Amino acid sequence: MRSKFAIGTYIDGMRSKTLKWIVLTATLLIIVIVGVQLYWLNKIYSLEQKTFNMNVVKSIRGLYEDVKLVDSPVNHLQDYIEHPSPDYFLFRTGSNYNKDSLIWYLKDELNDFDVLTDAHISFYNSGKQKYISREYITAAAARYDPVVFPFPVYERQHDYVLIYFPHRNKYVLSQMNFWFISSAVLFIVLIGLAVSLFYFYRQKFLAEIQKDFVNNFTHEFKTPLAVMKISSDVLLQEKIIQQPERLHQYAMIIQNQTMHLQKQVERLLQVAATERKELPIQKNHVSVNDLLDEAITKIQPLAVEKKASLDLQLPETENLELQADRAHLELAIVNLLENALKYAPDPKIIVSAGKENDHIFISIKDNGIGIDKKYHKRLFEKFYRVPTGDVHNVKGFGLGLSFVKRIIDAHHGVITINSIPGIGTEFKMLLPGN
Ligand code: ADP
């Protein structure tokens with residue numbers, strides 16, 4: 001049967017899974033929207049470029065109607081106009097035409113077809129095989145600085161006029177201002193949405209953790225209080241005076257439960273007190289052998305109660321020594337030992353220590369229920385408990401490992417976990433040597 005708490009955790013796990021999916025889907029949607037928007041911007045850019053090219057060609061066609069550019073009648077106009085590269089257009093001319101009126105009409109045609117950017121016009125003479133003169137048409141709408149530019153010579157058998165639009169790209173982009181502004185607005189809205197989603201997720205996550213904590217808290221305190229209530233009821237019975245043994249037994253129960261509660265409250269206070277501050281560490285010379293002996297002595301009653309076997313493996317030849325805060329380090333080891341006992345139905349624990357390069361390792365290995373790899377990352381978070389739906393009666397606040405990690409961090413050490421569900425768990429602390 002699942003305990004109330006276990007079911008609570010199970011449902012919470014489900015809820016946070018749904019939440020994760022919602023956040024993931026929303027993130028994916030945002031990425032898709034951004035992708036589609038970028039695709040459209042690119043499409044519109046190509047379209048604007050095409051429109052620009054078409055308008056230039058239309059203007060040149062108009063020019064052929066306005067001015068007599070070639071001597072013979074024009075049959076296939078498209079053969080007279082070339083577009084060798086994005087910024088350059090050239091059109092064929094005869095050798096006899098009026099240059100001034102060509103410029104005048106070209107300006108007019110470009111204006112009519114909304115080609116409102118500046119242009120350099122060069123006149124190519126096929127006899128001399130070079131440009132014989134240049135003109136600069138300023139933009140009607142936009143003001144640009146004239147630029148010095150390389151004028152590529154396209155070798156042709158006939159004269160031609162080359163038009164170069166130095167600011168073509170800038171102009172095309174300026175035609176897209178509306179799209180840029182609307183995209184920027186969309187992106188800002190999406191960023192706002194993503195940020196709110198992130199905060200919503202975090203808030204919800206914190207709320208869930210808080211709820212878990214309250215659940216654990218209630219669970220942890222309810223049973224001892226109920227036991228104390230029953231015991232005090234017994235002690236209040238009048239005939240108890242005649243049964244000193246029973247009286248003693250129930251008084252002991254109350255005392256034990258009080259001590260248990262006291263311990264839990266102390267634990268909570270300890271965490272609350274060291275919440276934000278860096279853990280105060282007072283380093284002293286510590287013998288690892290003594291430290292482990294003492295930690296094991298502390299959990300001995302619990303080990304006896306659980307009929308656990310505890311094996312201590314230390315290097316025979318050398319005495320391991322450390323500069324560490326003895327009390328804190330002992331607390332860390334006791335916490336790990338308690339967990340090893342708590343999470344193993346028939347505990348067989350191996351405690352070992354030794355040297356690894358410049359470091360000293362302390363390892364606590366059990367044959368308990370193990371922890372799935374997907375939970376390893378979050379184990380050391382405060383209030384985190386593995387959502388084991390079917391293991392009940394294992395009490396705790398999810399504070400032990402977070403505290404152990406803080407202690408190890410304060411010693412500039414590392415703690416690693418190696419665990420296989422159903423086989424067991426090993427926590428290994430690596431601490432800098434002397
Ligand atoms: P708790 O008070 O719940 O024991 P801890 O921070 O000590 O809190 O441990 C966090 C969680 O990690 C536990 O709820 C348990 O699920 C898991 N855990 C810790 N140690 C072991 C272990 N030796 N074997 C299996 N699971 C463990």
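Atom set for the values below is all heavy atoms of this structure, side chains included, hydrogens, waters and symmetry mates excluded. We count ligands from 1, going down the list as the structure has it; atoms in each ligand are counted the same way. The structure presented is a predicted model; accordingly, all values stated were derived computationally and were not measured.
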Novice: Does only the side chain of I371 get under 4.0 Å from ligand 1, or the backbone, or both, or neither? Count heavy atoms.
Specialist: side chain
Novice: Has ligand 1 got any nitrogen or oxygen that is less than 3.5 angstrom from a nitrogen or oxygen of L401?
Specialist: yes
Novice: Within the 4.0 Å heavy-atom shell around L399, which atoms of ligand 1 are there?
Specialist: 6 (O), 8 (O)
Novice: Would you say L379 and ligand 1 have an N/O pair spaced under 3.5 Å apart?
Specialist: no
Novice: Mind running side-chain hydrogen bond (donor to acceptor under 3.5 Å, both in side chains) on Y250 and D233 for me, showing each step along the way?
Specialist: CA-CA 10 Å; Y250 280 90; D233 282 348; over 6 Å; no
Novice: Just by distance, do the side chain of K306 and the backbone of L341 share a donor-acceptor pair under 3.5 Å?
Specialist: yes
Novice: Under 4.0 Å from any heavy atom of Y384, which atoms of ligand 1 are there?
Specialist: 10 (C), 11 (C)
Novice: Quick check on the 6.0 Å ring-centre criterion: do Y164 and Y88 meet it?
Specialist: yes
Novice: Can you check which of T425, L336, D366 brings a heavy atom nearest to atom 23 (N) of ligand 1?
Specialist: D366
Novice: Is there a heavy atom in G368 that sits closer than 4.0 Å to ligand 1?
Specialist: no
Novice: Is the closest heavy atom of K342 to ligand 1 under 4.0 Å?
Specialist: yes
Novice: Using a 4.0 Å cut-off to any heavy atom of G398, which atoms of ligand 1 qualify?
Specialist: 1 (P), 2 (O), 3 (O), 6 (O), 8 (O)
Novice: Answer yes or no: is there a side-chain heavy-atom contact under 4.5 Å between F427 and L401?
Specialist: yes
Novice: Taking 4.0 angstrom as the limit, do K107 and E135 come out as a salt bridge?
Specialist: no
Novice: So between Y343, Y375, F403, F380, whose heavy atom ends up nearest atom 15 (C) of ligand 1?
Specialist: Y343
Novice: Would you call the rings of Y124 and Y131 parallel, tilted or perpendicular, taking 30° and 60° as the class edges?
Specialist: perpendicular
Novice: Could I get the full list of salt bridge (charged side-chain N to carboxylate O under 4.0 Å, His left out) partners for D346, not counting sequence neighbours?
Specialist: K348
Novice: Does the residue F427 have a heavy-atom contact with ligand 1, meaning some pair of atoms that are separated by less than 4.0 Å?
Specialist: yes
Novice: Counting only heavy atoms not in K298, do more than 12 fall under 6.0 Å of its NZ?
Specialist: no
